[in-house]
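Heavy-atom basis, side chains included; hydrogens, waters and symmetry copies ignored.
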Amino acid sequence: TEPLMETGATILIEDNQENIFPLMEQGNGIYQSGTLSLPPDREYRLRISTSNEQRYTSEFLTPIVTPAIDSVSWTRDMNGVDIYVNTHDPQNNTHYYQWDYEEIWEDRSPYLSVYKYENGQLVQRSNEEIQRMRRCWRREIPMELIFESTLALETDRISKKLTQIQAGTQRIAEKYSVLVSQHALSEPAFNYLQVMKKNSNGLGSFFDPQPSQLYSNIFSVDTEELVVGFLGAYSTSQVRLIIDKDEVPMW
């Protein structure tokens with residue numbers, strides 16, 4: 001079933017100097033602040049009061065400044081096109097990374113819509129309208145959890161494969177774009193994602209491990225109610241890659 005969205009709640013960001021930054025309800029359980037310039041040398045937490053007067057708060061968190069993405073690149077092989085993100089921390093102290101990405105690609109219909117009904121009459125479209133209707137754009141945000149640690153490496157440098165575009169698919173039939181977002185994680189947040197991914201993807205067969213308990217850094221103020229979820233505080237680095245069909249050999 002679809003999750004039950006919480007409406008009518010009051011949500012605040014609070015720093016360790018008692019400054020308050022409210023979030024406004026956007027509808028359907030989404031709450032968003034205005035544009036904020038929060039100093040990274042303070043600690044922050046989230047405070048939630050629901051419409052039925054249940055109160056929740058998170059631990060105070062020190063924001064993490066995410067290193068810039070060095071590049072987003074691609075390689076061609078027999079199976080398709082592989083998309084990679086490359087990054088490093090010159091201070092050698094980040095170690096935990098998470099990525100997500102948004103794909104947009106041009107998709108052209110093999111058929112032409114030459115006529116239309118207008119005021120009950122069959123009318124021929126103009127050439128400009130015919131071409132405009134043929135050209136479409138598709139957008140997809142994959143939900144896969146992608147994260148990695150460099151703790152076991154000599155340097156805080158990593159090249160991570162994000163996805164593979166299968167050979168012959170429509171994604172690069174004309175033009176393809178991917179917007180990659182990179183977040184630096186704390187160690188507890190990284191461990192939380194590991195448990196969540198194992199519980200989501202690594203269960204179901206006889207020899208799979210038993211599900212692990214998900215812990216949280218968000219707590220109920222008034223009761224012993226368990227809370228699922230993990231709050232992170234970090235900046236984001238983004239890079240967009242565009243691939244034209246003429247750049248990819250033998251597509």
How about [X] and [Y]: do any of their side-chain heavy atoms sit closer than 4.5 Å?
X      : Y      : result
Ile13  : Leu23  : yes
Val248 : Trp74  : yes
Ile83  : Ile243 : yes
Trp105 : Glu140 : yes
Val228 : Ser216 : no
Leu61  : Asn217 : yes

How long is the straight-line distance from [atom2] of [Y] back to [atom1] of [X], given to the nearest 0.5 Å?
X      : Y      : atom1 : atom2 : result
Trp99  : Phe147 : CH2   : CZ    : 10.0 Å
Tyr101 : Gln238 : OH    : CD    : 15.0 Å
Asp246 : Glu174 : CG    : CD    : 8.5 Å
Ser181 : Asp100 : OG    : CG    : 5.0 Å
Thr155 : His88  : OG1   : NE2   : 9.0 Å
Tyr56  : Asp222 : OH    : CG    : 9.0 Å

Indicate if [X] and [Y] have the same hydrophobic cluster label, given that clusters are the connected sets of ILVMFWY residues with side-chain heavy-atom separations under 4.5 angstrom.
X      : Y      : result
Trp251 : Ile242 : no
Leu241 : Ile172 : yes
Tyr84  : Ile158 : no
Leu193 : Val85  : no
Leu226 : Phe219 : no

Any donor-acceptor N/O pair, [X] side chain to [Y] backbone, under 3.5 Å:
X      : Y      : result
Gln54  : Ser220 : no
Thr87  : Ala68  : yes
Asp77  : Asn79  : yes
Asp156 : His95  : yes
Asp82  : Lys161 : no
Arg47  : Ile20  : no
Ser237 : Ile69  : yes
Arg76  : Pro249 : yes
Ser71  : Ser73  : no
Thr66  : Ser235 : yes

Quiz item: Taking only residues two or more places apart in sequence, or in another chain, which ones meet His183 in a ring pair (Phe, Tyr, Trp, His ring centres under 6.0 Å)?
Solution: Tyr234

Is the [atom1] atom of [X] crowded by more than 12 outside heavy atoms at less than 6.0 Å?
X      : atom1 : value
Phe60  : CZ    : yes
Leu4   : CG    : no
Arg138 : CZ    : no
Met5   : CE    : yes

Locate the shortest heavy-atom distance separating [X] from [Y]; write the atom from each residue and the value.
X      : Y      : answer
Pro39  : Ser37  : CD-O, 3.5 Å
Thr7   : Gly29  : CG2-N, 4.4 Å
Ile130 : Ser113 : CG1-O, 3.5 Å
Ile64  : Ser186 : CD1-N, 3.3 Å
Arg55  : Ser49  : CG-OG, 3.9 Å
Leu145 : Met196 : CD1-CE, 3.6 Å

Exercise. Please determine which of Arg139, Arg240, Arg171 meets the salt bridge (Lys or Arg N to Asp or Glu O under 4.0 Å) test together with Glu103.
Key: Arg171

Practice problem: Please report the C-alpha distance between Tyr31 and Glu6 in whole Å, then the side-chain angles of each, then the deciding distance to 0.1 Å, and finally whether the side-chain hydrogen bond (donor to acceptor under 3.5 Å, both in side chains) criterion is met. | Solution: CA-CA 10 Å; Tyr31 297 80; Glu6 185 69 37; over 6 Å; no

Practice problem: Could you note down all residue pairs passing side-chain hydrogen bond (donor to acceptor under 3.5 Å, both in side chains) where residues 16-29 supplies at least one of them, sequence neighbours left out? | Solution: Asp15-Asn19

Quiz item: Between Lys116 and Glu129, does at least one N-O distance fall below 4.0 Å, as a salt bridge requires?
Solution: yes

Quiz item: Would Glu106 and Arg108 pass as an ion pair if we require N to O under 4.0 Å?
Solution: yes

Quiz item: Stepwise, does the side chain to side chain contact (heavy atoms under 4.5 Å, CB included) test hold for Arg157 with Thr150?
Solution: CA-CA 7 Å; Arg157 180 182 300 271; Thr150 63; over 6 Å; no

Self-check item: Over-ring placement of Lys160 relative to Tyr97, 6.0 Å and 45° cut-offs
Solution: no

Quiz item: For the residue pair Phe21 and Tyr44, does the interplanar ring angle fall in the parallel (under 30°), tilted (30 to 60°) or perpendicular (over 60°) class?
Solution: tilted

Quiz item: What class does the angle between the rings of Tyr215 and Phe230 fall in, given that below 30° is parallel, 30 to 60° is tilted and above 60° is perpendicular?
Solution: perpendicular

